[in-house]
Amino acid sequence: MAGDIIFSILAFVIGIIGKLAIIWVPILLAYIALHMWHHFVNDRFIMGMKWALLEVEVPREVEKSPLAMELVLMNALYQHSY
C-alpha cells in the first residue's frame, strides 16, 4: 500500500518533469553550449599567444636585501597592458 503511493507520486513527478522538458532542456543545452564556446575561445586565444621564457640571473655577491628582488618580480608579474 505505501509502496503504491510512493510509486504513484514518483510517476507523477517524473511525468511533470517530462512534460516540462520542452522548457528546461533547451535552457540546459544553451548553458552547456555557452560554457563549451567560452572554453573554445579561451583555448584559441591561448594557442595564439607567443610565449617567452625569462631567466633572472642573480650575481653571487648580493648586497641588497631580498625585498629589492621581490619588488622587481612583483612589478614584472603585475603589469597590465591596456
Side-chain angles (χ1 to χ4, degrees):
M1 172 129 176
D4 292 336
I5 294 174
I6 293 174
F7 180 72
S8 64
I9 292 173
L10 187 61
F12 176 73
V13 169
I14 290 174
I16 296 249
I17 291 173
K19 289 177 182 174
L20 292 177
I22 196 166
I23 297 171
W24 63 267
V25 168
I27 293 171
L28 179 66
L29 291 177
Y31 179 76
I32 292 170
L34 180 66
H35 276 285
M36 290 177 69
W37 176 254
H38 181 71
H39 285 293
F40 171 73
V41 170
N42 280 344
D43 287 345
R44 228 173 66 186
F45 175 73
I46 290 172
M47 291 302 215
M49 292 176 73
K50 293 182 180 178
W51 295 91
L53 178 65
L54 301 178
E55 180 182 4
V56 178
E57 292 184 7
V58 181
R60 291 209 177 255
E61 297 177 6
V62 177
E63 298 176 2
K64 294 183 180 180
S65 70
L67 181 62
M69 185 49 85
E70 184 179 333
L71 288 173
V72 168
L73 292 175
M74 190 181 311
N75 284 328
L77 292 175
Y78 293 111
Q79 291 295 321
H80 293 287
S81 59
Y82 293 103

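Being a predicted model, the structure only gives us computed values, none of them experimental. The analysis underlying the following values was restricted to heavy atoms, covering all of them including side chains, and did not include hydrogens, waters or symmetry mates.
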With a 4.5 Å cut-off on side-chain heavy-atom distances among I, L, V, M, F, W and Y, is there a chain of contacts connecting Leu29 to Ile23? yes
Would you give the length of the straight line joining atom CG of Leu67 to atom CE of Met74, rounded to the nearest 0.5 angstrom? 8.0 Å
Hydrophobic clustering (ILVMFWY, side-chain heavy atoms < 4.5 Å, transitive) - are Phe45 and Met47 grouped together? no
Here the gap from Ile14 atom CD1 to Ile16 atom CD1, rounded to the nearest 0.5 Å, amounts to 11.5 Å
Classify the side-chain pair Asp43/His39 by whether it contains a donor and acceptor separated by less than 3.5 Å. no
When the ring planes of Phe40 and Trp37 are compared, do they come out parallel, tilted or perpendicular, using 30° and 60° as the limits? tilted
Val13-Ile22 co-clustered via ILVMFWY side chain contacts under 4.5 Å: yes
Are more than 12 heavy atoms from other residues, nucleotides or ligands located less than 6.0 Å from atom CE of Met49? yes
Measuring from Ile27:CD1 to Trp24:CH2, what's the distance to the nearest 0.5 Å? 10.5 Å
Looking only at heavy atoms, the pair that brings Pro26 and Ala21 closest together is CD-O, 3.6 Å
State yes or no: do Phe12 and Ile17 share one hydrophobic cluster built from I, L, V, M, F, W and Y residues joined by side-chain heavy-atom distances below 4.5 Å, directly or via other members? yes
In Å, rounded to the nearest 0.5 Å, how long is the span from CG of Leu28 to CD1 of Ile32? 4.0 Å
If you count every heavy atom of other residues, nucleotides or ligands that lies below 6.0 Å from Leu73 atom CG, does the total exceed 12? yes
